[in-house]
Amino acid sequence: MSKQLFSVSFQFLYALLLASLAIQSLAFPSYESLGGLSERQLKEIIPTLDARVPPSPPGPLRFNGTKLVDDSDHPFRAPGPGDVRGPCPGLNTLANHGYLPRNGVATPAQMIQAAQDGFNMDNQPAHIAAYAAHLMNGNLVTDLLSIGGKTRNTGSDPRGQPAPIAGISEHGTFEGDASLTRGDDFFGDNHSFNQTLFDQFVEYSNRFGGGFYNYSVAAELRFQRIQQSIATNPEFDLRGFRHFTAFGETVFAVNMFTDGRKTGAEAGQLDLKSARSFFRDGRYPRGFHRANKPTAGEGVEIVLAAHPVAPGHNVGVNNYVEDRSRGSMTDFCTFYKFFINTQMKEMYPNPTGVLRRNLNLNLDFFYQSIPFLYDSFSPPDCPQIFPYGRN
Ligand code: HEM
């Protein structure tokens, strides 16, 4: 080969390599939400994704008692450089112990199974959480969802640029304000463990729970975190789904982080060393046994009754305005209508093909998973809405 020809073919190969690297770095992440993309973007991106029909959600556990879950098949391993963790200490723990894929990217069905296996989370609430998160934050074509990472606010633009992983950390969807151990998004980091907030968790557990975190502490700390956000965060938001989750999550820690072998007066009393292990490290305390029956939101009525804050949001600091238009802890049907008719329609105004098919399947799974909220949310009181027709 002549020297000139060699140099031309080398340049050609080099250009090809650069082009393939550029394509790779622009590839749309398989776990990133497609919500809000233009029709042109969807047309370009969807054919590059590995489309999957979402499987039916897993049913309840066969054996639903307590058992050792910090076992030799599920050793703790701290997340590696490419692994994603986020605002949920439960999911972080499940990923760090291999109940979920250790990279932090999973299907909703895997999340339900893992939450049941690793914490004895009740089947129905696990469905609601997993499908709500997936519809708001997951990739409906690939059926994958990230359990956290950076938010859109702290990274570069995920649309078209190499994307930061938003996943369930995306503020204003599932993730919200006044978390117990994570800061409000307004202050810059809504997903990492916050030591100052955990110090307050400890202080409240000492003051109201005799050194343990329980329903009484949950009630006082819930109220305190809301008051703090009202007083400091001009964008504080406790409307709709956040009203529901903000109260629910406070008792998750009592019901699912307490060792399932505790009975009698010890039941429902989370010791602070275990609390730190879950919230900070995403790690089971040594020899941890999961809850001794399927559980999730038990006791939330105690927390709500102690300080029944209505749903609402701040219009400037210290100016909390009630707003029931997006539903609440006690009015899930209004949330459902808002979720479908406004939130979903804004994210996906006109889906077609595989996206429309998978959206409809996930909307079905979500709707069918909530009969346990019968009081406020059940047919015929709250009939299913089909915003995209039926498959
Ligand atoms: C089944 C799927 C689940 C999903 C999709 C999910 C999602 C989330 C999300 C998005 C948050 C952040 C909300 C916020 O801004 O505070 C959160 C918080 C939380 N989750 Fe989960 N979660 C799941 C299961 C679990 C399980 C099994 C547990 C306990 C064993 C758990 C315990 C908690 C707690 C205690 C918080 C509050 C953290 C805080 O306030 O600092 N979650 N979860």
Side-chain angles (χ1 to χ4, degrees), residues 30-31 52 54-131 133-134 138 142-149 165 167-168 191 193 249 252-263 266-268 270-271 273-296 369:
S30 57
Y31 40 76
R52 194 164 175 266
S56 297
L61 292 174
R62 270 162 186 262
F63 170 69
N64 63 13
T66 186
K67 68 169 188 171
L68 177 72
V69 283
D70 181 36
D71 60 14
S72 57
D73 288 342
H74 300 93
F76 174 81
R77 274 213 311 270
D83 300 339
V84 188
R85 299 293 180 264
C88 175
L91 295 178
N92 291 348
T93 303
L94 293 169
N96 288 340
H97 283 271
Y99 283 93
L100 281 174
R102 288 184 186 269
N103 67 359
V105 175
T107 68
Q110 283 175 319
M111 282 187 188
I112 295 166
Q113 195 63 54
Q116 294 186 153
D117 289 338
F119 282 111
N120 213 351
M121 189 175 191
D122 198 5
N123 183 257
Q124 298 285 304
H127 275 211
I128 295 203
Y131 289 107
H134 191 47
T142 60
D143 201 35
L144 292 173
L145 168 65
S146 153
I147 69 167
I165 299 172
I168 65 164
H191 56 280
F193 174 78
E249 285 158 13
F252 279 17
V254 176
N255 299 331
M256 292 188 279
F257 290 162
T258 303
D259 193 289
R261 290 167 298 179
K262 287 189 173 184
T263 51
E266 279 198 315
L270 174 65
D271 71 88
K273 201 169 156 225
S274 299
R276 194 183 56 201
S277 184
F278 283 115
F279 280 105
R280 188 188 66 182
D281 305 328
R283 181 173 191 163
Y284 288 133
R286 190 65 49 90
F288 183 75
H289 284 54
R290 71 181 188 194
N292 52 32
K293 58 177 189 323
T295 182
S369 70

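Atom set for the values below is all heavy atoms of this structure, side chains included, hydrogens, waters and symmetry mates excluded.
When all heavy atoms of E266 and K262 are compared, the closest pair comes out as O-CD, 3.4 Å. In plain terms, the two heavy atoms of D70 and P285 that are nearest each other are OD2-O, 3.7 Å. Residues L145 and M111 approach most closely at CD2-CE, 3.4 Å, considering heavy atoms. Nearest heavy atom pair, residue V84 against residue G148, reads CG1-O, 3.0 Å. Shown here for P101 and A95, the closest heavy-atom pair between the two residues is O-CB, 3.9 Å. Closest heavy-atom contact between D73 and P75: C-CD, 3.3 Å.
Between D271 and K273 there is no salt bridge, since none of the side-chain N atoms of the basic residue sits less than 4.0 Å from a carboxylate O of the acidic one. Here D143 pairs with R52 in a salt bridge; the nearest charged N to carboxylate O distance falls below 4.0 Å.
Judged as a side chain to side chain contact (heavy atoms under 4.5 Å, CB included), and not counting sequence neighbours, the contacts of N64 are L61, N120, P294. Looking at residues two or more places apart in sequence or on another chain, you find a ring pair (Phe, Tyr, Trp, His ring centres under 6.0 Å) between Y99 and H74.
Distance check: Q116 CD to L94 CG gives 11.5 Å after rounding to the nearest 0.5 Å. Remark: N92 CG to D83 CG distance equals 11.0 Å, nearest 0.5 Å. We find the CG-CD1 distance between D122 and I112 to be 11.5 Å, quoted to the nearest 0.5 Å. Expressed to the nearest 0.5 Å, how far CZ of F279 lies from SG of C88 amounts to 9.5 Å.
The shortest distance between side-chain heavy atoms of I168 and P87 falls below 4.5 Å.
Residues F278 and F252 place their aromatic rings such that the two centres sit no closer than 6.0 Å. Taking the six-membered ring for Trp, F288 and F257 have ring centres at least 6.0 Å apart.
Proximity of a side-chain donor or acceptor of S274 to a complementary backbone N or O of L270 within less than 3.5 Å is not detected. Here the side chain of Y284 pairs no donor or acceptor atom with the backbone of H97 at under 3.5 angstrom. Between the side chain of S277 and the main chain of R283, a donor-acceptor pair closer than 3.5 Å is present.
In this structure, R290 fails the cation-pi test against F119, since its NZ or CZ atom is not both closer than 6.0 Å to the six-membered ring centre and inside 45 degrees of the ring normal.
Of the N and O atoms on the side chains of N96 and R85, at least one donor lies less than 3.5 Å from an acceptor on the other residue.
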